[in-house]
Amino acid sequence: MRPSGRKLDELRAVSIETGFTKHAEGSALIKMGDTHVLCTATIEDRVPPFIKGSGLGWVTAEYGMLPRATNTRMRREAAMGKQGGRTVEIQRLIGRALRAGVDRSALGERQITIDCDVLQADGGTRCASITGGWVALKLAVNKLMKAGDVISDPLVDPVAAISCGIYAGQPVLDLDYPEDSEAGVDGNFIMTGTGRLIEIQMSAEGSTYSRDQMNQLMDLAEKGVAELVEKQKAATA
């Protein structure tokens with residue numbers, strides 16, 4: 001029934017390669033099917049002005065897509081002189097999602113920036129960015145702890161994200177682009193490793209969905225996030 005031949009509750013093939021770049025304090029190349037995102041973490045001994053002097057740390061994110069991440073070339077946003085609204089919305093989502101799993105007091109007054117660069121897109125780029133971004137963040141924090149700059153682990157709960165939707169009348173897990181472009185209902189579910197919800201983005205296009213279908217999508221999301229968290233733990237062990 002699915003174009004990929006996957007089961008309704010089956011993730012795409014997932015791999016996470018750590019240490020992908022030389023200079024970043026933490027880096028991970030996450031592949032979810034044909035969606036590939038490079039996530040890097042940068043540690044800086046500064047924080048935004050609005051929390052300076054508070055003793056709290058900050059985690060933020062930037063997001064972008066390479067011109068040929070999709071089947072037709074997109075102009076670089078730098079060449080256009082500004083970021084698009086979609087880019088701004090996604091990077092804000094990534095930042096607040098990752099902060100939900102961080103004890104900012106334990107992090108101390110420093111900032112970690114997660115850069116998420118989409119090398120190839122086939123649906124679910126924001127979810128892959130959050131899931132891979134957590135791995136890059138974890139690796140950067142490990143360096144802080146090894147150096148003795150942070151005493152207790154500020155990462156209190158892993159954070160991962162997955163898409164779910166109603167495709168051809170059936171609830172499905174981890175939509176790729178052919179499904180996402182045809183789905184009557186689709187959503188992004190951001191959760192912690194202990195199953196706590198951070199954010200749900202749900203919308204219907206030319207369709208509606210019932211409370212029962214919403215519950216089915218929630219069940220799929222919980223299953224998918226649990227599997228992704230195991231991948232994150234294996235990558236950072």
Side-chain angles (χ1 to χ4, degrees), residues 1-18 20-21 27-40 61-77 83-91 93-94 97 114-136 159-168 170-191 199-207 217 220-221 223-225 227-232 235:
M1 191 278 292
R2 304 184 73 175
S4 63
R6 285 181 288 143
K7 297 176 182 177
L8 299 179
D9 64 350
E10 184 180 352
L11 290 173
R12 290 174 285 181
V14 179
S15 69
I16 303 175
E17 180 182 348
T18 58
F20 191 77
T21 64
S27 66
L29 175 66
I30 182 168
K31 297 181 179 180
M32 298 187 66
D34 287 333
T35 289
H36 303 169
V37 184
L38 173 60
C39 304
T40 56
E62 293 189 11
Y63 169 95
M65 298 180 71
L66 295 186
R68 283 312 305 266
T70 55
N71 59 3
T72 57
R73 186 183 186 276
M74 300 176 295
R75 288 189 65 196
R76 296 181 190 272
E77 290 183 328
Q83 289 182 309
R86 176 181 180 274
T87 297
V88 173
E89 184 262 324
I90 290 175
Q91 64 189 26
L93 169 67
I94 298 167
I114 307 299
D115 287 294
C116 302
D117 293 289
V118 180
L119 310 183
Q120 184 170 283
D122 188 44
T125 60
R126 70 187 68 192
C127 292
S129 295
I130 291 168
T131 303
W134 179 264
V135 173
V159 173
I162 196 65
S163 64
C164 299
I166 307 294
Y167 174 78
Q170 295 288 330
V172 297
L173 175 66
D174 191 16
L175 285 73
D176 53 23
Y177 181 75
E179 293 171 331
D180 186 47
S181 61
E182 296 291 334
V185 177
D186 69 273
N188 300 302
F189 296 76
I190 302 99
M191 304 172 70
E199 188 159 339
I200 299 174
Q201 300 178 324
M202 285 287 295
S203 61
E205 179 67 40
S207 180
L217 294 178
L220 286 175
K223 178 182 182 295
V225 166
E227 293 177 17
L228 291 174
V229 168
E230 290 305 310
K231 295 281 188 180
Q232 290 174 322

Main-chain N/O of Phe20 paired to Ser27 side chain as donor or acceptor, under 3.5 Å: yes
Nearest-0.5 Å distance, CG of residue Leu66 to CE of residue Met74: 8.0 Å
Between CD on residue Glu179 and CD1 on residue Ile166, distance to nearest 0.5 Å: 11.5 Å
Asp176 and Asp34: CA distance, side-chain angles, deciding distance, side chain to side chain contact (heavy atoms under 4.5 Å, CB included) verdict: CA-CA 8 Å; Asp176 53 23; Asp34 287 333; over 6 Å; no
CD-CZ distance between Gln201 and Phe189, expressed to the nearest 0.5 angstrom: 10.5 Å
Sole candidate of Ile114, Leu93, Val37 that passes side-chain contact (heavy atoms from CB on, under 4.5 Å) when paired with Ile130: Leu93
Straight-line distance of Thr18 OG1 to Ile30 CD1, nearest 0.5 Å: 12.0 Å
Closest heavy-atom pair and its distance - Leu29, Leu119: CD1-CD1, 3.8 Å
Nearest non-hydrogen partners of Arg6 and Ser4, listed with the distance: NE-OG, 3.0 Å
Pair Tyr63-Thr125, side-chain donor/acceptor within less than 3.5 Å: yes
Sub-4.5 Å side-chain heavy-atom contact between Cys39 and Asp115: no
Neighbour count >12 (heavy atoms, 6.0 Å) for atom CD, Glu182: no
Check ion pair Lys231-Glu227 (N to O, under 4.0 angstrom): no
Side-chain donor/acceptor of Thr35 to backbone N/O of Gly124, under 3.5 Å: no
Any donor-acceptor pair under 3.5 Å from Gln232 side chain to Val159 backbone: yes
Full working for side chain to side chain contact (heavy atoms under 4.5 Å, CB included) between Ser129 and Ile90: CA-CA 9 Å; Ser129 295; Ile90 290 175; 5.7 Å; no
For the student: nearest non-hydrogen atoms of Asp122 and Pro178, plus distance: OD1-CD, 4.0 Å
Rounded distance (nearest 0.5 Å) linking atom NZ of Lys31 with atom NE2 of His36: 5.0 Å
For Arg2 against Leu8, the heavy-atom pair lying closest together: NH1-O, 3.4 Å
Taking every non-hydrogen atom, the tightest pair across Leu228 and Ala160: CB-CB, 4.1 Å
Residue pair Arg86 / Arg126, side-chain heavy-atom distance below 4.5 Å: yes
Smallest separation among heavy atoms of Ala161 and Thr131, with atom names: N-OG1, 3.2 Å
Heavy-atom donor-acceptor pair, Asp180 side chain to Leu175 backbone, under 3.5 Å: no
Evaluation steps, side chain to side chain contact (heavy atoms under 4.5 Å, CB included), between Ile162 and Met32: CA-CA 10 Å; Ile162 196 65; Met32 298 187 66; 3.7 Å; yes
Side chain to side chain contact (heavy atoms under 4.5 Å, CB included) assessment of Ser203 paired with Val185: CA-CA 6 Å; Ser203 61; Val185 177; over 6 Å; no
Interatomic distance, Glu199 atom CD to Asn188 atom CG [nearest 0.5 angstrom]: 9.0 Å
